[in-house]
Amino acid sequence: MTIHWADVAAERLADRGPQTLATGITPSGPVHIGNMREVMTAEAIYRALQDRGAEARLIYIADNFDRLRRLYPFLQESFEEHVGKPLSEIPCPEGCCASYAEHFLQPFLASLEELDIRPQVFRADQLYKEGLFVDAIKTALLRRDDIARILKEVSGREVPSHWSPFDAICKDCGRTNTTRVAGFDLDRETVDYVCSCGYSGTASMRGGGKLVWRVDWPARWPLLHVTMEPFGKDHATSGGSYDTGKRISEEIYGYPAPHPVIYEWIHLKGKGAMHSSTGLVVTIKEMLDVVPPEVLRYLIIRTKPEKHIEFDPGLPLLTLVDEYDQRAGDSRALELSAIGEAEPFQIPFRHMVTAVQIARGDDEQLIKALERSGYETSRMGEILGRARNAEIWLARYAPQNVRFQVQEGLPSAVKNLGPDEKEGLRVLSERISGLEAQSIHDEIYAVAKDLGLDSKRLFQAIYLAFLGQRQGPKAGWFLASLDRDFVVLRLEEAARA
RNA sequence: GGGCCGGUAGCUUAGUCAGGCAGAGCGAAAGGCUCUUAACCUUUAGGUCGGGGGUUCAAAUCCCUCUCGGCCCGCCA
């Protein structure tokens, strides 16, 4: 019996007073399940803290005031002109949302809700515009040399002479990566800048710009009372932004750095780490199209944060769903993954994959097929949800050999069957009335034996007659879920062909 | 060049903090049943714990070293 990693973290934090667990993701593109790990990790610890009766809150800060770094592959070329502007100030790439940032933020927040992750949500641009960062900006500007020294000492990087901890947004061209700070006025709370576009002006400390990332991060810790924050291994390296942030937090802002929890990336099986820039991603929405939210939670929660997750959306994903449904994994991980008090789902996902291919999108047929196979169908909503999951999984991720189609007419290849195989089908057609799945399966073997036929050939003949291919789902259960008159008719037809 | 994380059965991994018989799931094999046919049950096989060295009565676990994979030490989450 091992203590779950979330409980280990919670145990460490619990006696240090009220906890604020912070997460932050930049909505610069579709949020993928690798990004998701940050929020999921914090939420698991949050739940573990609550389970021990500790006082805790979970916050999410959308870093929507970060600038667009480059033209991502999913953007139209016209967006080149927005590179360098804060995400919150760029128009929606599809014209449907208030801004670029909101376009990616909205579906992400909707996914969080679906996953039963309910943080207090902040938007960085709002925090800046409201003036929350004003004092932190003043401090950073005044102690610019101390910050530069810390950056040098910790990361080895010497900042350029014109460096400033504040990035002003040019009022003319809208960019933050083209401006240089020329001076500041603490009383008026403004920063003077010169932009390479030719404009020079004055930016407000209330939304006219932002602190550079390495200062912005530690600056927000005291402002939001952050005591724990998970972050990717990229920040964790020595000399990385946590190291510099820790010193800046302690020496400049007089606040102890939050307890770090470092998480690894999620890899796509055989393809490497998920990365928006490479387009190698499975978005949260894409995943929720295919599995229930609990299973996505379970995927992340069952693995320790510092271990990378090898994610395979093909057959192994079915195993993961079934492992969750049967409550076969680590019990604490299952508990932390649960949403509400749902009973285990009884129909194996693998069987759903067979059933939806028989039903071909007809929900009534699907329910009939499930009932013929002996499944209880009262939890209709869930069953139909799973059916949609199975259909999308088949279309997107299923290997070829699990796909099949019940042929409307008799496949012509049946003509090539030998007389003994046809005889087998005929005899089978006479013996299966009233039998249920297991008995049909047994009967196939019995018929083959009676006729002195290799059972393998009889199975192949059956698959050929119904699917036009030589293999398929487990035959007894497959035939049982089809309409019985149709089965008998098809077997007779095939025998005469 | 320096640092961080990871490497345990074919696959996914627990166990490493705090040394004490290397475990599980999936897959595979055999059987249940004269039956390989995607959901059953039982059993079995499968391991130089990435390599080497050291400490110890005892090392997957601690120390040193090498190696492989990923990431960072410019910008950036």
Side-chain angles (χ1 to χ4, degrees), chain A residues 1-5 8 12 23-29 31 34-35 38 63 66-70 87 151 154-160 177 212-214 216-217 231-244 260 262-265 267 269 272-273 275-277 299 302-312 315-316 318-320 322-323 326 328-330 333 346-355 373-375 399 401-402 404 437-438 441-450 452-460 462-463 470-478 480-481:
Chain A
M1 185 62 209
T2 316
I3 302 171
H4 191 268
W5 58 262
V8 173
R12 260 183 220 149
T23 63
I25 294 173
T26 303
S28 58
V31 180
N35 302 139
E38 171 155 332
D63 280 315
D66 287 357
R67 58 174 161 252
L68 181 65
R69 270 171 279 139
R70 55 197 180 82
L87 299 171
L151 291 176
V154 179
S155 75
R157 165 192 165 222
E158 184 112 41
V159 300
N177 57 342
V212 299
W213 162 249
R214 286 206 181 220
D216 174 275
W217 199 26
F231 46 88
K233 61 173 178 175
D234 47 352
H235 291 309
T237 192
S238 86
S241 50
Y242 182 73
D243 272 6
T244 54
I262 297 148
Y263 61 86
E264 250 283 358
W265 306 141
H267 294 200
K269 178 74 176 177
H275 233 281
S276 318
S277 57
L299 170 75
R302 68 177 183 149
T303 306
K304 286 190 296 195
E306 64 268 27
K307 202 109 174 166
H308 86 253
I309 292 175
E310 197 70 25
F311 178 71
D312 188 338
L315 283 175
L318 301 194
T319 307
L320 182 74
D322 286 341
E323 180 177 316
Q326 292 162 23
D330 174 81
Q346 299 295 345
I347 306 170
F349 200 62
R350 285 162 195 277
H351 187 73
M352 288 300 297
V353 166
T354 299
S373 308
Y375 287 106
N401 66 339
V402 306
F404 66 82
Q438 174 73 61
H441 202 70
D442 292 342
E443 202 56 35
I444 296 169
Y445 288 113
V447 169
K449 192 183 77 176
D450 291 351
L453 187 64
D454 182 3
S455 58
K456 175 179 181 144
R457 290 177 57 211
L458 184 54
F459 276 104
Q460 289 183 343
I462 293 168
Y463 294 126
R470 303 192 88 84
Q471 90 274 325
K474 195 158 185 165
W477 284 264
F478 170 57
S481 49

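Reminder, nothing fancy here: chain letters follow the sequence lines and each chain counts from 1.
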Distance check: side-chain N/O of A/W213 vs OP1/OP2 of B/A77, anything under 4.0 Å?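 Yes, within the criterion.
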Of all the nucleotides listed ([options]), which has the minimum atom distance to the side chain of [X]?
{"X": "A/S455", "options": "B/G6, B/U36, B/G70", "answer": "B/U36"}
{"X": "A/D234", "options": "B/G6, B/C72, B/G74", "answer": "B/C72"}
{"X": "A/T319", "options": "B/G70, B/C26, B/U34", "answer": "B/C26"}
{"X": "A/K233", "options": "B/A14, B/C5, B/C71", "answer": "B/C71"}
{"X": "A/H235", "options": "B/C75, B/A77, B/C17", "answer": "B/A77"}
{"X": "A/R214", "options": "B/G70, B/C75, B/A77", "answer": "B/C75"}
{"X": "A/R12", "options": "B/U36, B/G74, B/C17", "answer": "B/C17"}

Under-3.5 Å N/O pairs linking protein and nucleotides 10-13 of chain B:
| unit_1 | atom_1 | unit_2 | atom_2 | d |
| --- | --- | --- | --- | --- |
| B/C11 | O3' | A/K269 | NZ | 3.4 |
| B/U12 | OP1 | A/K269 | NZ | 3.3 |

Any carboxylate oxygen within less than 4.0 angstrom of a Lys/Arg side-chain nitrogen, looking at A/D322 and A/R350?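 Yes.
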Which is true for A/G472 with a 4.0 Å heavy-atom rule: it touches a base, it touches only sugar-phosphate, or it touches nothing?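 Base contact - A/G472 has a heavy atom under 4.0 Å of at least one base atom.
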For A/Y263, report the nucleic acid contact type (base, sugar-phosphate, nothing); a contact means any heavy atom under 4.0 Å.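 Nothing, no nucleic acid heavy atom in range.
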On a whole-Å scale, what distance lies between the P atoms belonging to B/C62 and B/G15?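 It works out to 13 Å between them.
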Separation of the P atoms in B/A60 and B/U8, to the nearest angstrom: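 The answer is 15 Å between these two P atoms.
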Below 4.5 Å, heavy atoms only, C-beta onward: do A/T354 and A/F404 meet side chain to side chain?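 Of all side-chain heavy-atom pairs linking A/F404 with A/T354, at least one is under 4.5 Å.
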Atom of A/L315, atom of A/P399 and distance for their closest heavy-atom approach: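 Distance-wise, the nearest heavy atoms are CG-CG, 3.8 Å.
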